[in-house]
Amino acid sequence: MQIDELKKELNKEQFEAVTTLEGPLLIIAGAGSGKTRVITYRIAHMLESGIPQSQILALTFTNKAAKEMEERVKALTGKKLQNLTVSTFHAFGVKILRQDINRLGWRENFSIYDDVDRNQLIKETGKELGFTADALDVFKIGNLFSNIKIGRWDWQSANDMYKPLYEGYQEGLKLFNAVDFDDLIGLPIKLFHEHPDVLEKYRNRYKYIMVDEFQDTSLQQYEFMHLLADKNVAVVGDDDQSIYSWRGANYENILQFEKDFPDVKEIRLEQNYRSTETILAAANGVISHNTNRKDKSLWSGNGSGKPIEIYMPENEAAEADFIVESIQGIAMNEKRKYDDFGVLIRANTLSRAIEEAFLQSNIPYTMSGGTSFFQRKEIKDIISYLRVIANHDDDINLLRIINTPRRGIGRKTIEQINEIANSQGCSLWTSITALLSAQESPLGEKTKQDLQDFVNLITTQRASLLGGKGLAKKVKAMVEEINYWDYLITEYQKNEKAARFKFLNIESLINSIETWENNPDNFDSGLYAYLNRITLLSRDDMEDANLKGKVNLMTIHASKGLEFPIVFIAGAEEGIIPHARCLEEDPNNIEEERRLFYVAITRAQDKLFISSCQKRRKMQNVVECVPSPFLDEIPANLVEYHQPETEVSCDRAIEILEMMKNKFTI
DNA sequence: TTTTCTATCAGCAAC
DNA sequence: TGATAGAAAA
């Protein structure tokens, strides 16, 4: 694309951002200001200015963003992008580790542990070290370890007691040839520090670096970027949309960036192309209550549009019905497709009632986020098989599958194996094979046979899965070999539907493997490559094709970077948003919760609905709810309030009547 | 010793 | 509602 063409398609600031290729660049991009557009045009412009693909590195947070970016650059330039690196931070870390992790004492076929695996390992280690059950809150400890690793927290006297556990956990990881998510950034940094030649290799290669969603980088990620970056580094972010502080996001990195790169050029994108003026004004009204922010004035030239509607349904079922009816009505009257709708919730648990309503009225939908596909037990089981097959020493995954489906290897046996493993300092797998080949073994004949069968199973599957093409077929054969279907049926005797559903999930897993290995852009369709990819995949992906024509139900966090013509924010109640637990931890978190609400509002293009239930089921009992205080921060003239029609208490009815009277007598 | 049954507990966001 | 830990049954 020629320069004057760029000039035509972009506004002044965007043009500036796209054409400034040399030197450090900080782009503050307000919500809906065409950020993705700027990044993709910038890459395209680089390529046309003769910068080789191999010198460009673009880092994002989600696979979805990476994929979208790559596709848009492809569409813009019409070029094949074999050497362009567009990747998530974590995936890029994996890439580095696969090359050189042996210098740190791991083998290249290392496993990547997700949170569930991590917590499992903490639990095992803690038990061995003699922690009592109530001192072993693995959720909290896992969080602690993560925060230590990413440099958000230091060891303090309050949690010093977990230090030995931390050491044990780290030893465990290394013994099992595994790394956790935080290591995917932390170990490359270590590698760079201890082996400057490795760092040099990457610094020589990547001359142009770009970081998307910069406000969500952690200290650790910042250090990683800083090590890699020479001078041509462009970061794009919006402090108002920083919503990942609990994962270590530190928007003060923006200030740090200005310090570390004093000759930085700063560009602000303040024109919003996404939303109506009403929606934008509501968002601005809310976010202006935050004290700790870079002041900016977003404006929109899209016309005022329709008012924001706030509903107060009786309970979560009524809320779900309201959403369903509104969607059906609008879809019909305005000829909207279902994928024009986004339904946003604060927490995954809130999805249930809405999903039920969608199912009942046959509205197609996708729920992304939360207990993602890959966290489901049945999927984890199958993946665990693959992981153990790829890496025998992966104890955590071995433990998951050694008796799933049941094959007579129970707690006692595992304890015995574990004892040997501990005394020898080896993995469970090594311990098992040692026990099997030992002349004298403490195991009974039957257990011995059961273990031998298991070892044989893994060995034959390994030979099959690691050789040649056709991964999907082989995985399918494996699932049949281990009789997983029978297992599901016996486990869920009372609930055949659940069993079927789980089996369908496995089938779609196999299908997704198949599409993956048949993808022509995929150079390596082996087992290792597949496992590498899959651990980093969380909510998005599977297939985009089946997102078409479906309502998008998701958490607000998951909606970052997306937009929908019509948006519903459900459960806008005190305690949900702002979330009670967040405020408990630290009252200052209110600002982050407000940003979250801001992100939710700014997803909407044309029309925004907000609902706040009067009552809601929480655990076993129904509790009264109060509307979110953030609702009052939306300027009143932008809002249309709708009171519920049914089942109003007497007092309430009088109150409402009064209000109506007042309205008409003004 | 392993499996099945029952009671109890806890539930925020994600790479 | 689901997952998990401990008790009873096979």
Side-chain angles (χ1 to χ4, degrees), chain A residues 59-66 87-94 112-116 118-120 123 133-134 137-139 142-143 146 150 179-185 213 216-218 220-221 242-249 344-353 356 368-372 374-377 403-416 443-444 446-447 450 490-495 498 533-541 554-560 571 575-585 589 592-593 595-596 599-600 617-620:
Chain A
L59 293 171
T60 64
F61 274 79
T62 63
N63 295 295
K64 205 176 208 162
S87 161
T88 63
F89 270 94
H90 289 84
F92 189 59
V94 171
I112 301 166
Y113 279 7
D114 68 12
D115 291 12
V116 180
R118 177 193 68 191
N119 291 354
Q120 194 69 33
K123 199 170 181 182
D134 46 328
D137 182 340
V138 288
F139 192 79
N143 222 31
S146 176
I150 61 178
V179 303
D180 63 25
F181 271 139
D182 303 314
D183 289 336
L184 294 179
I185 315 292
E213 306 286 7
D216 284 328
T217 47
S218 63
Q220 190 193 36
Q221 285 162 329
S242 169
I243 53 175
Y244 281 101
S245 76
W246 47 274
R247 216 180 74 203
L344 309 185
I345 49 181
R346 170 67 231 263
N348 284 297
T349 41
L350 302 176
S351 74
R352 170 155 277 125
E356 273 168 15
S368 45
T371 332
S372 80
F374 293 99
Q375 306 259 36
R376 292 180 189 281
K377 185 181 179 306
N403 204 31
T404 308
R406 299 218 148 84
R407 46 173 76 86
I409 304 172
R411 217 183 64 218
K412 197 72 190 178
T413 312
I414 291 172
E415 240 164 54
Q416 284 174 310
L443 302 171
K446 187 189 160 294
T447 353
D450 289 337
T490 46
E491 285 296 292
Y492 299 90
Q493 283 167 0
K494 290 171 211 130
N495 194 348
R533 172 173 173 276
I534 210 152
T535 351
L536 298 172
L537 227 54
S538 66
R539 54 158 184 270
D540 47 62
D541 211 64
M554 64 184 71
T555 64
I556 302 174
H557 282 90
S559 75
K560 191 174 73 160
I576 292 181
I577 182 161
H579 201 280
R581 264 186 112 84
C582 279
L583 300 185
E584 254 169 52
E585 272 166 31
N589 285 341
E592 171 140 332
E593 293 292 302
R595 287 194 293 270
L596 199 50
V599 168
R617 211 187 169 74
K618 260 191 188 156
M619 292 193 224
Q620 265 80 333

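Each chain gets a letter, A, B and so on, in the order the sequences are listed, and its residues count up from 1.
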Item to complete: Give a yes or no on whether a salt bridge exists between A:D114 and A:R118, defined as a side-chain N under 4.0 angstrom from a carboxylate O.
Response: no
Discussion item. At less than 4.0 Å, is any side-chain N or O atom of A:T349 found next to OP1 or OP2 of B:dC12? Yes or no.
Written reply: no
Item to complete: Measure from NZ or CZ of A:K560 to the centre of the six-membered ring of A:F61, then state whether that distance is under 6.0 Å and the direction lies within 45° of the axis.
Response: yes
Worksheet item: Starting at CD1 of A:I150 and ending at P of B:dA14, how long is that distance when rounded to a whole Å?
Response: 16 Å
Worksheet item: In whole Å, what is the span from the CG atom of A:N348 to the C1' atom of C:dA3?
Response: 16 Å
Discussion item. Please pick, from C:dA5, B:dA14, B:dA13, the nucleotide with the shortest atom-to-atom distance to any side-chain atom of A:R346.
Written reply: B:dA13
Worksheet item: Is it true that a side-chain atom of A:D182 and a backbone atom of A:I150 form a donor plus acceptor pair closer than 3.5 Å?
Response: no
Worksheet entry | Separation of atom CD in A:E593 from atom C1' in B:dC12, rounded to whole Å | 9 Å
Practice prompt. Nearest whole angstrom, please: distance from the C1' of B:dC12 to the CD of A:E584.
Written response: 12 Å
Item to complete: Look at A:E491 together with A:R406 and state whether they make a salt bridge at an N to O cut-off of under 4.0 Å.
Response: yes
Worksheet item: Do side-chain atoms of A:S559 reach the backbone of A:I556 as a donor and acceptor pair under 3.5 angstrom?
Response: yes
Discussion item. Quick check, does A:Y244 stack with B:dA13? I mean ring centres under 5.5 Å and planes off by under 30°.
Written reply: no
Practice prompt. Send over the distance from A:E491 CD to B:dC5 P, rounded to a whole Å.
Written response: 10 Å
Worksheet item: Would you call A:R595-A:E592 a salt bridge at under 4.0 Å N-O?
Response: yes
Discussion item. Checking contacts here: which listed nucleotide (C:dT1, B:dA14, B:dC12) is nearest the side-chain heavy atoms of A:A558?
Written reply: B:dA14
Worksheet entry | Whole angstrom value for the distance that separates P of B:dA14 from CZ of A:R118 | 14 Å
Can you name the atoms? Protein N/O to nucleotides 1-3 of chain B N/O, anything below 3.5 Å, with the distance.
from, atom 1, to, atom 2, distance (Å)
B:dT2, OP1, A:G410, N, 3.1
B:dT2, OP1, A:T413, OG1, 2.5
B:dT2, OP2, A:K412, N, 3.1
B:dT3, OP1, A:G408, N, 3.4
B:dT3, OP2, A:N403, ND2, 3.1

Discussion item. Students often get this wrong, so: under 4.0 angstrom with heavy atoms, is A:F61 touching a base, only sugar-phosphate, or nothing?
Written reply: sugar-phosphate
Item to complete: Write down the distance between CD (A:Q120) and C1' (C:dA5), rounded to a whole number of angstrom.
Response: 13 Å
Discussion item. Check this one for me: any side-chain N or O of A:K618 less than 4.0 Å away from OP1 or OP2 of B:dC12?
Written reply: no
Worksheet item: Any N or O donor-acceptor pair linking the side chain of A:R581 to the base of B:dC12 at under 3.5 Å?
Response: no
Worksheet entry | Separation of atom CG in A:N589 from atom C1' in B:dA13, rounded to whole Å | 12 Å
Worksheet item: Do A:D180 side-chain atoms and A:I112 backbone N/O form a donor-acceptor pair below 3.5 Å?
Response: no
